[in-house]
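Just below is one structure, and these are the notes that go with it.
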Amino acid sequence: GAVVSQHPSRVICKSGTSVKIECRSLDFQATTMFWYRQFPKQSLMLMATSNEGSKATYEQGVEKDKFLINHASLTLSTLTVTSAHPEDSSFYICSAREWGGGAADTQYFGPGTRLTVL
Amino acid sequence: KQEVTQIPAALSVPEGENLVLNCSFTDSAIYNLQWFRQDPGKGLTSLLLIQSSQREQTSGRLNASLDKSSGRSTLYIAASQPGDSATYLCAVRTGSSASKIIFGSGTRLSIRP
């Protein structure tokens with residue numbers, strides 16, 4: 001099946017720094033990628049949807065200036081957490097939808113990135 | 001706004017028992033429903049996907065049902081094993097152009113040897 005990778009798998013940073021997380025679709029082209037956040041013992045919450053070559057659509061309550069999303073190619077999307085603070089510590093999971101559109105398309109999930117802000 | 005709820009939040013049963021996990025959603029206009037497994041600190045593993053036109057899917061000891069009109073789905077696990085211990089998430093695909101996947105809160109399952 002299709003594979004989505006994330007890098008890094010784990011990152012620890014100091015408060016105030018920026019962190020970039022990469023999401024790649026390894027063997028298919030993804031017109032749309034999704035970013036989720038998961039706090040401990042909670043479910044995944046959709047943060048934003050990005051389409052290749054256009055601006056991301058953010059869910060209500062998600063600060064677009066804090067969580068910068070770039071989807072520059074059909075196989076790569078990046079999430080940059082700017083000026084990270086301890087409350088941004090979470091598990092970030094990306095998902096990629098294969099080219100073609102439609103309800104029958106499958107969405108593949110990455111393995112997640114654990115961000116810890118000290 | 002679509003909301004997905006899972007009951008119970010946590011479940012502990014002895015090995016060998018059959019069990020049922022429940023999922024409910026508020027808007028029946030879904031494209032599909034998917035059950036995932038998540039081990040601690042790990043990503044998601046897709047277990048079963050049911051299209052809106054289907055009523056159930058089976059894979060090994062797992063059986064998932066869907067009653068779209070009532071907004072409910074169940075995941076049946078037969079002959080549970082300690083290796084089944086994980087968090088189980090249900091998720092519905094919804095929105096315009098089937099653009100979003102909304103997750104439930106999950107059920108943390110523990111199988112006692």
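Just so you know, these numbers come straight off a predicted model, no measurement behind them. Order of the sequence lines sets the chain letters (A, B, ...), proteins ahead of strands, with each chain counted from 1.
No other option in A:Gln6, A:Arg114, A:Glu59, A:Arg10 has as many heavy-atom pairs under 4.5 Å with chain B as A:Glu59.
Between the side chains of A:Ser50 and A:His71, at least one donor N or O sits under 3.5 Å from an acceptor N or O. Side chain to side chain, A:Ser77 and A:Trp35 meet the donor-acceptor criterion of an N or O pair below 3.5 Å. Between the side chains of A:Thr82 and A:Ser18, no donor-acceptor pair of N or O atoms lies under 3.5 Å. Donor-acceptor pairing under 3.5 Å is recorded for the side chains of B:Glu56 and B:Asn63.
Contacts of B:Gln38 with chain A are made by side-chain atoms alone, with heavy-atom separations under 4.5 Å and no backbone atom involved.
Close approach to chain B, defined as a heavy atom under 4.5 Å from one of its heavy atoms, is seen in A:Gln38, A:Lys41, A:Ser43, A:Leu44, A:Leu46 of residues 37-48 of chain A, taken by number.
The distance from atom CD of A:Glu52 to atom OG1 of A:Thr31, rounded to the nearest 0.5 Å, is 8.5 Å.
Proximity of A:Met33 to A:Ser25: side-chain heavy atoms (C-beta onward) are separated by under 4.5 Å at one or more points. The shortest distance between side-chain heavy atoms of A:Phe28 and A:Val3 does not fall below 4.5 Å.
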